Amino acid sequence: MQTMNQKQKRGWSLRDVIFLAIIGIFFGVIYQVWSYAYYVIAATPLKPYANDLTLGVWIMAGPLAGVLLQKAGATLIGELLAAAVEMLLFSSWGAANLISGFIQGLGNEIGFACTGYRNWSKLGLFLSTIGATIITFIWDWFQSGYSEYHIGLLLTLLIIRFISIGFFAGVLVYWIKKLVLKTGLNK
């Protein structure tokens, strides 16, 4: 039986690439459908919070690819693939999906890199959540005009974002990982 480090050192297998593609396609479809949740919230008085409330779902593909494949780069590639599929499904954000996918995947990748790609469980997911929260918030500071918001709103948005990412891309991804491990698909 291979240890975790032996599994990480071997190159990408065809199985890994196929698994990554399936994750990307599956979540690309989910991301496209999830955009309607964003639009529903944005059409209410909760509009300033819509992005941060819904962001966690849009970040799930990367961490799931990371924890299932346990390879450096899987998180970033998984998120980019899902963003590309979402874009190809005529997302209202178009090619900007690729930029968002890169930013989101990078934030998650940094979290796993902080463990030296040795922890793909709760600690890795927690650091991934922190990385994604910080990197995406900095991106929205420039891209989405967060620099114009007052400090109270910024802190509220940051907390909501952390909770959303923590639940969807942290807790939910951990539960999905446990279910996948029970099926034996990861072997």
Side-chain angles (χ1 to χ4, degrees), residues 20-68 74-111 125-177:
L20 192 58
I22 290 168
I23 291 169
I25 292 166
F26 179 77
F27 277 97
V29 172
I30 287 175
Y31 291 178
Q32 178 61 14
V33 172
W34 187 245
S35 66
Y36 297 110
Y38 168 83
Y39 288 124
V40 166
I41 295 170
T44 72
L46 294 174
K47 182 178 182 173
Y49 308 99
N51 185 48
D52 298 275
L53 284 167
T54 58
L55 190 59
V57 171
W58 276 304
I59 295 183
M60 289 178 69
L64 187 62
V67 299
L68 292 179
T75 303
L76 180 61
I77 295 167
E79 198 61 49
L80 272 170
L81 286 174
V85 170
E86 180 186 9
M87 178 189 73
L88 293 172
L89 292 173
F90 303 104
S91 164
S92 59
W93 292 288
N97 280 5
L98 298 176
I99 298 168
S100 294
F102 177 79
I103 298 294
Q104 293 162 358
L106 179 65
N108 288 116
E109 192 75 34
I110 288 169
L125 283 168
F126 178 71
L127 294 173
S128 176
T129 295
I130 291 172
T133 300
I134 292 169
I135 295 297
T136 60
F137 201 81
I138 291 169
W139 173 251
D140 280 328
W141 177 270
F142 296 102
Q143 175 64 23
S144 301
Y146 279 31
S147 61
E148 301 298 320
Y149 296 162
H150 61 81
I151 190 70
L153 179 58
L154 285 171
L155 289 174
T156 302
L157 293 174
L158 184 63
I159 291 167
I160 290 170
R161 180 178 296 231
F162 178 73
I163 292 168
S164 177
I165 294 172
F167 176 73
F168 290 107
V171 173
L172 196 55
V173 163
Y174 180 76
W175 290 341
I176 293 169
K177 174 190 172 183

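Excluded from the calculations below are hydrogen atoms, water molecules and symmetry mates; all remaining heavy atoms, backbone and side chain alike, are included. Only a predicted model underlies this, so the values are computations on that prediction, with no experimental measurement involved.
In this structure, the separation between CD1 on I59 and CD1 on I103 is 11.0 Å, given to the nearest 0.5 Å. Taken from CD in E79 to CG in N108, the straight-line distance is 6.5 Å, to the nearest 0.5 Å. Interatomic distance, L98 CG to E86 CD, rounded to the nearest 0.5 Å: 9.5 Å. Expressed to the nearest 0.5 Å, how far CG of L158 lies from CD1 of I134 amounts to 8.0 Å. Here the straight-line distance linking atom CG of L81 with atom CD1 of I23 works out to 9.5 Å at 0.5 Å rounding. Residue L106 holds its CG atom at 10.5 Å from OG1 of T136, rounded to the nearest 0.5 Å.
By the 6.0 Å contact criterion, CZ on F26 is open, its count of non-hydrogen atoms from other residues, nucleotides or ligands being 12 or less. Crowding of F126 atom CZ: a count of heavy atoms from other residues, nucleotides or ligands under 6.0 Å not exceeding 12.
Taking each heavy atom of A65 and A74 in turn, the nearest pair found is CB-O, 3.5 Å. Residues L125 and G170 come closest through the heavy atom pair CD1-O, 3.7 Å. Closest of all the heavy-atom pairs between T133 and R161 is O-CD, 3.8 Å. Heavy atoms only, all atoms of each residue included: L64 and F27 are closest at CD2-CE1, 3.5 Å.
Using a 4.5 Å heavy-atom threshold, the side chains of Y49 and T156 count as touching. Residues K47 and I41 have side chains not in contact (no heavy-atom distance under 4.5 Å, counting atoms from C-beta outward). By the 4.5 Å heavy-atom criterion applied to side chains, F162 and D52 are not counted as neighbours. For the pair L55 and Q104, the minimum side-chain heavy-atom distance is below 4.5 Å. For the pair W93 and M87, the minimum side-chain heavy-atom distance is 4.5 Å or more.
With hydrogens and angles ignored, the 3.5 Å screen pairs a side-chain donor or acceptor of T54 with a backbone N or O of A50. A donor-acceptor pair is defined here as one N or O able to donate and one able to accept, closer than 3.5 Å; no such pair exists between the side chain of S128 and the backbone of G111. Side-chain N or O atoms of S144 include none that pairs as donor or acceptor with a backbone N or O of Y146 at under 3.5 Å. Using a distance-only test at 3.5 Å, with no hydrogens or angles considered, a donor-acceptor pair links the side chain of E109 to the main chain of L76. In terms of modelled atom types and a separation under 3.5 Å, the side chain of Y31 and the main chain of A61 share a donor-acceptor contact.
Not counting sequence neighbours, the partners of L172 by the side-chain contact (heavy atoms from CB on, under 4.5 Å) test are M60, F168, W175, I176.
Below 30°, between 30° and 60°, or above 60°: for W34 and W58 the angle between ring planes is above 60°, a perpendicular geometry.
Side-chain contact, Y39 with S92: a donor N or O sits under 3.5 Å from an acceptor N or O.
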Test side-chain contact (heavy atoms from CB on, under 4.5 Å) on Y38 and N51; report intermediate values, then the result. CA-CA 7 Å; Y38 168 83; N51 185 48; 4.3 Å; yes
Under the side-chain contact (heavy atoms from CB on, under 4.5 Å) criterion, do N97 and S91 qualify, and how do the steps go? CA-CA 8 Å; N97 280 5; S91 164; 3.1 Å; yes
